[in-house]
S.K.: 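Sending over a structure as structure tokens; questions will come in a sec.
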Amino acid sequence: MTLAELSPAYQEAAALLRARLRMLRQELARETDPERVWHLKRRIAELTPILTQMNELAELTAHYYDRGYYRSEKYTL
């Protein structure tokens with residue numbers, strides 16, 4: 001399996017995560033219990049960087065073999 005073939009899996013995972021974050025934000029907007037609000041904010045804060053990384057990896061793996069594609073130094077050895 002090539003990296004380019006992994007890209008759709010990252011995109012699918014990012015879409016699921018994006019949907020979950022949307023649900024959590026909607027729940028947060030309706031919530032009035034301070035403890036529950038704190039837990040929702042914490043969960044959103046934990047998942048947001050994961051979504052960012054999924055999007056970055058989807059982009060990287062989709063174009064990894066393209067000539068001239070600038071690869072983020074974050075994911076190179």
Side-chain angles (χ1 to χ4, degrees):
M1 175 174 271
T2 66
L3 290 175
E5 293 169 341
L6 285 175
S7 183
Y10 280 118
Q11 291 171 350
E12 184 179 328
L16 292 172
L17 196 51
R18 197 174 298 112
R20 179 66 179 142
L21 280 165
R22 190 176 308 117
M23 288 172 42
L24 288 171
R25 287 183 183 118
Q26 289 171 353
E27 191 176 337
L28 178 63
R30 293 188 305 265
E31 194 58 57
T32 57
D33 178 29
E35 187 174 334
R36 182 75 178 134
V37 167
W38 182 84
H39 285 286
L40 288 169
K41 285 182 178 181
R42 181 179 169 144
R43 188 65 179 148
I44 290 169
E46 291 171 347
L47 292 177
T48 301
I50 297 171
L51 176 60
T52 301
Q53 189 174 35
M54 286 285 180
N55 288 329
E56 290 171 352
L57 288 171
E59 176 74 16
L60 175 68
T61 55
H63 300 286
Y64 187 82
Y65 299 109
D66 295 351
R67 186 176 205 100
Y69 177 70
Y70 173 78
R71 292 175 188 86
S72 171
E73 293 176 12
K74 185 176 181 179
Y75 298 106
T76 57
L77 298 175

S.K.: Are L16 and L24 co-members of a hydrophobic cluster defined by side-chain heavy atoms under 4.5 Å apart?
M.R.: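 No, because L24 and L16 fall into different hydrophobic clusters, even though each may have its own neighbours under 4.5 Å.
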
S.K.: Between T61 and L3, what is the shortest heavy-atom contact and its length?
M.R.: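 Smallest interatomic distance, heavy atoms only, reads CB-O, 3.1 Å.
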
S.K.: Test M23 against E27 for side chain to side chain contact (heavy atoms under 4.5 Å, CB included), laying out the working first.
M.R.: CA-CA 6 Å; M23 288 172 42; E27 191 176 337; over 6 Å; no

S.K.: Rounded to the nearest 0.5 Å, how far does CG of L17 lie from CG of L51?
M.R.: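 One gets 5.0 Å once the value is rounded to the nearest 0.5 Å.
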
S.K.: A14 and N55: which non-hydrogen atoms are nearest, and at how many Å?
M.R.: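 Closest approach of A14 to N55: CB-OD1, 3.5 Å.
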
S.K.: To the nearest 0.5 Å, what is the distance between CE on M54 and CZ on R18?
M.R.: 11.0 Å

S.K.: Verify the cluster assignment for W38 and L28: are they in a single hydrophobic cluster under the rule of side-chain heavy atoms below 4.5 Å apart?
M.R.: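 The answer is no; the residues belong to distinct hydrophobic clusters.
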
S.K.: Can you tell me how far the CD atom of E31 sits from the NE2 atom of H39, to the nearest 0.5 Å?
M.R.: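 Nearest 0.5 Å value for the CD-NE2 distance: 10.5 Å.
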
S.K.: Kindly compute the distance separating CG (L6) from CG (L60), expressed to the nearest 0.5 Å.
M.R.: 10.5 Å

S.K.: Distance-only, no hydrogens or angles: does the S7 side chain make a donor-acceptor pair with backbone N or O of A58 under 3.5 Å?
M.R.: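 Yes: the side chain of S7 pairs with the backbone of A58.
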
S.K.: Once rounded to the nearest 0.5 Å, what's the spacing between atom OG1 of T52 and atom CG of L57?
M.R.: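 These two atoms lie 11.0 Å from each other.
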
S.K.: To the nearest 0.5 Å, tell me how far T48 OG1 sits from R25 CZ.
M.R.: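 It comes to 5.0 Å.
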
S.K.: Search all heavy atoms of M1 against all heavy atoms of E5 and return the closest pair with its distance.
M.R.: CA-OE1, 3.1 Å

S.K.: Considering residues at least two apart in sequence or located in another chain, which fulfil the side-chain hydrogen bond (donor to acceptor under 3.5 Å, both in side chains) criterion with Q26?
M.R.: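 Result, side-chain hydrogen bond (donor to acceptor under 3.5 Å, both in side chains) vs Q26: none returned.
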
S.K.: Do side-chain atoms of E59 reach the backbone of E56 as a donor and acceptor pair under 3.5 angstrom?
M.R.: no

